[in-house]
Amino acid sequence: QAPLMESGGGSVQTGGSLKLSCAASAVMFSRYCMAWFRQAPGKEREGVAHITDGGMTTYADSVKGRFTIIRHSANNTLYLEMNGLKPEDTAVYYCAAVTPLRTYGPLACRATRYEAWGQGTQVTVSS
């Protein structure tokens, strides 16, 4: 099994919904931080949502109130529920995991450099 494997991407219209999944190995799921990032064509990769192993979360302002990150220990899977999708959400979405040197909450997850990445899944939102 790959350490992190995303699925669930696709094409939707503006206002639609998608649920991304990231199947993680036991080692990856044990990391303090897990997160979803995205990279649009010609743009830098950006953090979308972060979650600690205790379930504390933080979101980018651009997705707050529309996206929900969920960490499901029963099946070692990280999810990203995306509602109210906009064309500017179009990107390749990646899941990632790391245990930073300092584990003081979701802001630590937002500030740290991630060491393990999935291969990505494409999300396309049309107007």
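- Taking hydrophobic clusters as Ile, Leu, Val, Met, Phe, Trp and Tyr residues chained together by side-chain heavy-atom distances below 4.5 Å, Val63 shares a cluster with Ile69.
- Leu80 is not listed as a side-chain neighbour of Thr68, based on a closest heavy-atom distance of 4.5 Å or more.
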Trace of the side chain to side chain contact (heavy atoms under 4.5 Å, CB included) decision for Val98 with Arg113: CA-CA 8 Å; Val98 71; Arg113 179 185 297 269; over 6 Å; no
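- Val48 and Val12 fall within the same hydrophobic cluster, where Ile, Leu, Val, Met, Phe, Trp and Tyr residues are linked whenever their side-chain heavy atoms come under 4.5 Å apart, directly or through other members.
- A cation-pi contact, defined as under 6.0 Å to the ring centre and within 45° of the axis, is absent between Arg38 and Tyr94.
- When atom types are taken as modelled, the side chain of Thr77 and the backbone of Asn75 share a donor-acceptor pair closer than 3.5 angstrom.
- Met28 approaches Pro3 most closely through the heavy-atom pair CG-O, 3.4 Å.
- Looking at Ser25 and Asn76, their side chains never come closer than 4.5 Å, going by heavy atoms from C-beta outward.
- In this structure, Arg45 and Val92 have side chains that are not in contact, with every pair of non-hydrogen atoms separated by 4.5 Å or more.
- Residue-environment remark: NZ (Lys43) stays at or below the threshold of 12 foreign heavy atoms within 6.0 Å.
- Between Glu81 and Ile70 there is a side-chain heavy-atom pair separated by less than 4.5 Å.
- With rounding to the nearest 0.5 angstrom, the CZ atom of Arg110 is 4.0 Å from the OG1 atom of Thr58.
- Of the inter-residue distances, the one linking Tyr93 atom OH with Met82 atom CE reads 5.5 Å to the nearest 0.5 angstrom.
- Counting heavy atoms from C-beta outward, Thr121 and Leu20 have side chains that approach closer than 4.5 Å.
- Here the closest non-hydrogen pair linking Arg66 and Gly84 is NH1-O, 2.9 Å.
- For the pair Glu6 and Gln119, the minimum side-chain heavy-atom distance is below 4.5 Å.
- Applying the ring-ring contact (aromatic ring centres under 6.0 Å, His included) test to pairs two or more places apart or on separate chains, those with a residue in residues 16-41 are Phe37-His50, Phe37-Tyr114, Phe37-Trp117.
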Pair Asp89-Lys86, salt bridge (Lys or Arg N to Asp or Glu O under 4.0 Å): steps then yes or no: CA-CA 5 Å; Asp89 295 318; Lys86 305 175 181 179; over 6 Å; no
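- The side-chain heavy atoms of Ser127 and Thr14, taken from C-beta on, include a pair separated by under 4.5 Å.
- Taking 4.5 Å as the limit, some side-chain heavy atom of Cys33 sits within range of a side-chain heavy atom of Pro100.
- Arg31 and Thr99 are not linked by any side-chain donor-acceptor pair at a separation below 3.5 angstrom, with hydrogens and angles left out of the test.
- Gln13 contributes no side-chain N or O that, together with a main-chain N or O of Ser126, makes up a donor-acceptor pair within less than 3.5 Å.
- Linking Ile, Leu, Val, Met, Phe, Trp and Tyr whenever their side-chain heavy atoms come within less than 4.5 Å leaves Leu107 and Met56 in two separate clusters.
- Taking CG from Leu78 and CZ from Arg71, the interatomic distance works out to 7.5 Å, rounded to the nearest 0.5 Å.
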Worked check of side chain to side chain contact (heavy atoms under 4.5 Å, CB included) between Thr90 and Val123: CA-CA 5 Å; Thr90 295; Val123 171; 5.9 Å; no
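- Applying the ring-ring contact (aromatic ring centres under 6.0 Å, His included) test to pairs two or more places apart or on separate chains, none has a residue in residues 54-88.
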